[in-house]
Amino acid sequence: MAIEQHGDARIEGVSIRSLPKVSLHDHLDGALRPQTILELADEIDLDLPTDDAEDLADWFEEQSDSGSLVEYLKTFDLTTAVMQSADGLRRVAREFVEDLAADGVIYGEVRWAPEQHLAGGLTLEDAVEAVQEGLEEGEDAVSGTGRDIRVGQLIAAMRHTDRSLEIAELAVAFRGRGAVGFDIAGPEDGFPPSNHRPAFDYLASQFFPVTVHAGEAAGLASIRSALIDGRALRLGHGVRIAEDLEVVQQKGDEVLVTFGDLARWVRDREIPLELSPSSNMQTGAVAKWGTTLEDHPFDLLYQLGFAVTVNVDNRTMSRTSLTRELSLLAETFDYRLEDLEAFQLNAAAGAFLSVEEREELIELIGEGFGG
Ligand SMILES: [Zn+2]
């Protein structure tokens, strides 16, 4: 069963789904097909809230919309439970790629935390290899349909555990064999990047790319630590960087804004913000600006010249796709084709790829948007 895609949304007569897209912030354990969960759960005799795929899709949405973090996190208990075997990981990774391609994505980065997939007896290495096999199977299946997609792994450490150095070493060991970057995930508030300084020092010594979840459940101090302790090249969401902006005057279309040093740095160094509109609404990351997408500081950040990118975060929990996120933004902020193209170009420029590969993506995006 396909997740609702907003599949027929058009902008200036062009199908948004058909446009070439880049997905940078997309969790493996947040992107399972409900039908796959049912089948994998059956194999391991796991109890589910329902045995109907459509009802399960509804359940994910309800839990995620509940406003309760506890209810929201239960959804990940369920998805990770069916991803404890090599077969389960491989299948989920293969479908992850196929679903991205069906959504028009030409390059993606999938983030996940291997340490959460060891309950069935896999080693960290086994788990990374299983995911890599699944990604490659997915890429092959897509190329069999005449399209092209590449997906790289972002190996994440959990920020509330103490395995980050080991996970950083794992990521570097898989450089050239699927791993393109490193992240820390899990509870942000109370678990700053500085807790993982040895891992980040090691990654820096190996010149290994890092993105850090920061500025989602915690504010400016977390973003500062991501940049200073983590040496993050991108910010996972980073949406609360807007707390370092002060709108001092608003006359019609004209907005006067003063920048704090941190916001100025993030904008002027073009550090990509992995914004995820639907998720940011559901997790309360943008609560201080309001409760509707119109209140999300996405457009303010874009208009001020930040390197904004559009992401799904967790497709199953938010019942979304990149096409849907772009459609919602276009509806809300009256964006045109050239705006959606700018978001994809920002994402391509921020991808953890060589400069030649990024230029290739930029060319493909230009062609696809009719430039
Ligand atoms: Zn995330």
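Both ligands and their constituent atoms are indexed starting at 1 by order of listing. Because the structure is a prediction, the values reported are computed rather than measured.
- Put simply, the side chain of Glu188 reaches to within 4.5 Å of the side chain of Arg159, judged on heavy atoms.
- A donor atom on one side chain and an acceptor atom on the other are found under 3.5 Å apart for Asp313 and Ser279.
- Side-chain atoms of Pro277 and Leu328, non-hydrogen and from C-beta on, never get closer than 4.5 Å to each other.
- With contacts defined as side-chain heavy-atom distances shorter than 4.5 Å, the pair Arg94/Leu135 does not qualify.
- Ring-centre distance between Phe208 and Tyr202: not below the 6.0 Å cut-off.
- Protein N/O/S atoms closer than 2.8 Å to the Zn ion (ligand 1), listed by chain and residue number, are His25 NE2, His27 NE2, His213 NE2, Asp313 OD1.
- Residues Leu245 and Phe306 are in side-chain contact: their nearest non-hydrogen atoms beyond the backbone lie under 4.5 Å apart.
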